[in-house]
Amino acid sequence: MSDRGVLEATGLGKTYHDARREIVVLNDLALSVSAGEWLAIVGASGAGKSTLLNLLGGLDTPSAGGVSVAGELLSRMSENERSRWRNRRLGFVFQMHHLLPEFTALESVAMPSRIGGAPKQEAEEKAKTLLEQLGLAERLNHRPAALSGGERQRVAIARALVNEPACVLMDEPTGNLDPDTAEQVLAAMSALRDRDTAFVVVTHDPAIAQRMDRQLTLANGRLEAC
């Protein structure tokens with residue numbers, strides 16, 4: 001694991017306003033994630049974990065502070081530039097797999113590379129290699145309806161990794177899975193440990209948190225060591 005920072009948040013804040021009050025979700029939050037590091041972020045429901053993940057991924061705009069991914073400050077980019085940067089440098093895995101029903105596993109995983117301009121054969125070769133690493137060699141041409149929940153989530157993980165991103169952001173990746181299936185997904189993730197990609201995982205699952213290099217708790221708008 002390198003000590004080169006790939007994801008940085010400085011003075012990060014997020015405040016929401018309704019008709020009667022101001023709701024501070026994140027306040028002067030700081031975070032640095034190194035290349036190859038696996039980080040778990042835990043905390044009570046409503047603490048702002050998903051909000052933080054959206055800010056780190058450039059899917060939402062902070063009220064204060066900024067986020068840098070692979071040395072580039074997201075706030076300095078236009079929306080189109082952020083979209084291209086996300087495609088190249090970030091991967092996302094959510095609680096729901098978000099696989100499109102009409103595409104096979106191979107096509108789904110190759111899609112980010114194709115969107116980024118890679119030739120079809122090159123994109124599908126990379127997708128095939130990742131799916132095989134994740135134990136899905138026999139499922140390349142299956143659509144989501146023909147896959148189990150754990151298989152769908154492994155396809156989603158492969159899709160997040162296909163462009164060799166600096167960091168993958170995961171929001172409760174085993175939240176919809178039974179314990180045995182969740183363990184299969186965790187075992188598949190463990191097979192990816194030799195990569196230089198960092199993983200930031202928001203989770204309530206102790207089995208995931210314990211497998212990470214570092215654990216932080218989000219409380220009172222800031223991150224604290226567990």
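Note: hydrogens, waters and symmetry copies are ignored here, and every other heavy atom, side chains too, is used.
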(request) Please test Thr203 against Val42 for side chain to side chain contact (heavy atoms under 4.5 Å, CB included), starting from the C-alpha separation and ending with a verdict. (result) CA-CA 6 Å; Thr203 183; Val42 300; 4.2 Å; yes
(request) Could you check Ser68 against Glu72 for side chain to side chain contact (heavy atoms under 4.5 Å, CB included), going step by step and ending with a plain yes or no? (result) CA-CA 5 Å; Ser68 295; Glu72 296 291 333; over 6 Å; no
(request) Would you please test Leu26 and Leu52 for side chain to side chain contact (heavy atoms under 4.5 Å, CB included) and show each step? (result) CA-CA 8 Å; Leu26 303 175; Leu52 173 58; 4.1 Å; yes
(message) Apply side chain to side chain contact (heavy atoms under 4.5 Å, CB included) to residues Val168 and Met170 and explain how you reach the verdict.
(response) CA-CA 6 Å; Val168 171; Met170 293 184 160; 4.0 Å; yes
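For the pair Ser32/Glu8, a side-chain contact is recorded, criterion being any heavy-atom separation below 4.5 Å from C-beta on. The side-chain heavy atoms of Leu7 and Leu56, taken from C-beta on, include a pair separated by under 4.5 Å. At a threshold of 4.5 Å between non-hydrogen side-chain atoms, the residues Val25 and Thr15 do not count as touching. Looking at Pro173 and Val185, their side chains never come closer than 4.5 Å, going by heavy atoms from C-beta outward. Within the 4.5 Å cutoff, no side-chain heavy atoms of Thr197 are placed close to those of Glu164. Contact check for Lys14 versus Asp60: side-chain heavy atoms found under the 4.5 Å cut-off. The side-chain heavy atoms of Phe92 and Asp171, taken from C-beta on, include no pair separated by under 4.5 Å.
Checking side-chain atoms of Glu125 against main-chain N and O of Glu122 turns up no donor-acceptor pair under 3.5 Å. Although no hydrogens or angles enter the test, the distance criterion places no donor-acceptor pair under 3.5 Å between the side chain of Arg159 and the main chain of Ala105. Although no hydrogens or angles enter the test, the distance criterion places no donor-acceptor pair under 3.5 Å between the side chain of Asn163 and the main chain of Pro165. Under the 3.5 Å distance criterion, the side-chain polar atoms of Asp213 are left unmatched by any main-chain donor or acceptor of Leu39. Formation of a donor-acceptor pair under 3.5 Å by the Trp85 side chain with backbone atoms of Val69 is found in this model. Panel note: side chain Thr217, backbone Cys226; no donor-acceptor pair is recorded below 3.5 Å. Here the side chain of Arg89 pairs no donor or acceptor atom with the backbone of Ala166 at under 3.5 angstrom. A donor-acceptor pair under 3.5 Å is formed between the side chain of Glu172 and the backbone N or O of His204. Between the side chain of Lys49 and the backbone N or O of Leu218, no donor-acceptor pair lies under 3.5 Å. With hydrogens and angles disregarded, no donor-acceptor distance shorter than 3.5 Å links the side chain of Ser34 to the backbone of Glu37.
Here SG of Cys167 is found 4.5 Å from CG of Leu169. Values are rounded to the nearest 0.5 Å. With rounding to the nearest 0.5 Å, the separation of CE in Met189 from CG in Leu161 is 9.0 Å. How far CG of Leu216 is from CD1 of Ile41: 6.5 Å, rounded to the nearest 0.5 Å. Interatomic distance, CZ of Arg82 versus CZ of Arg86, reported as 7.0 Å (0.5 Å rounding). How far CZ of Arg152 is from CG of Leu136: 12.5 Å, rounded to the nearest 0.5 Å. The OG1 atom of Thr10 sits 9.0 Å away from the CG atom of Leu31 when rounded to the nearest 0.5 Å.
More than 12 heavy atoms of other residues, nucleotides or ligands shown are found within 6.0 angstrom of CD on Glu79. Applying the 6.0 Å contact sphere to CD of Glu102 captures more than 12 heavy atoms from other residues, nucleotides or ligands. Around CG of Asn220, the count of heavy atoms belonging to other residues, nucleotides or ligands within 6.0 Å does not exceed 12.
A perpendicular orientation is assigned to the rings of Phe94 and His98, their planes being inclined by more than 60° (bins at 30° and 60°).
Salt bridge Arg211/Glu183: present, at least one basic N to carboxylate O contact under 4.0 Å. With respect to Glu124 and Lys128, no salt bridge is recorded, no charged nitrogen being found less than 4.0 Å from a carboxylate O. Between Glu151 and Arg143 there is no salt bridge, since no side-chain N of the basic residue sits under 4.0 Å from a carboxylate O of the acidic one.
Under the 4.5 Å side-chain contact rule for hydrophobic residues, Met111 and Ile157 do not share a cluster. Hydrophobic clustering, with ILVMFWY side chains joined whenever heavy atoms are under 4.5 angstrom apart, keeps Leu99 apart from Phe103. Residue Tyr16 is grouped with residue Leu59 when hydrophobic side chains (ILVMFWY) are merged at heavy-atom distances under 4.5 angstrom, including chains of intermediate members. Hydrophobic cluster membership differs between Val93 and Leu100, with clusters built from Ile, Leu, Val, Met, Phe, Trp and Tyr side chains linked at under 4.5 angstrom.
The minimum heavy-atom distance linking Thr61 with Leu55 is given by the pair C-CD2, 3.6 Å. For Gly150 against Leu177, the heavy-atom pair with the smallest separation is N-CD2, 4.0 Å. Counting all heavy atoms, side chain and backbone alike, Ala123 lies closest to Arg114 at CB-CD, 3.7 Å. The minimum heavy-atom distance between Pro144 and Pro101, with the atom names listed, is CD-O, 3.7 Å. Annotation for Ala182 and Thr174: closest pair CB-CB, 3.8 Å, computed over non-hydrogen atoms. When all heavy atoms of Gly57 and Leu74 are compared, the pair lying nearest together is C-CD1, 4.3 Å.
Not counting sequence neighbours, the partners of Ser75 by the side chain to side chain contact (heavy atoms under 4.5 Å, CB included) test are Leu73. Residues satisfying the ring pair (Phe, Tyr, Trp, His ring centres under 6.0 Å) criterion with His142, sequence neighbours excluded, are absent altogether.
Inspection of the Asn80 and Ser83 side chains reveals no N or O donor paired with an N or O acceptor under 3.5 Å.
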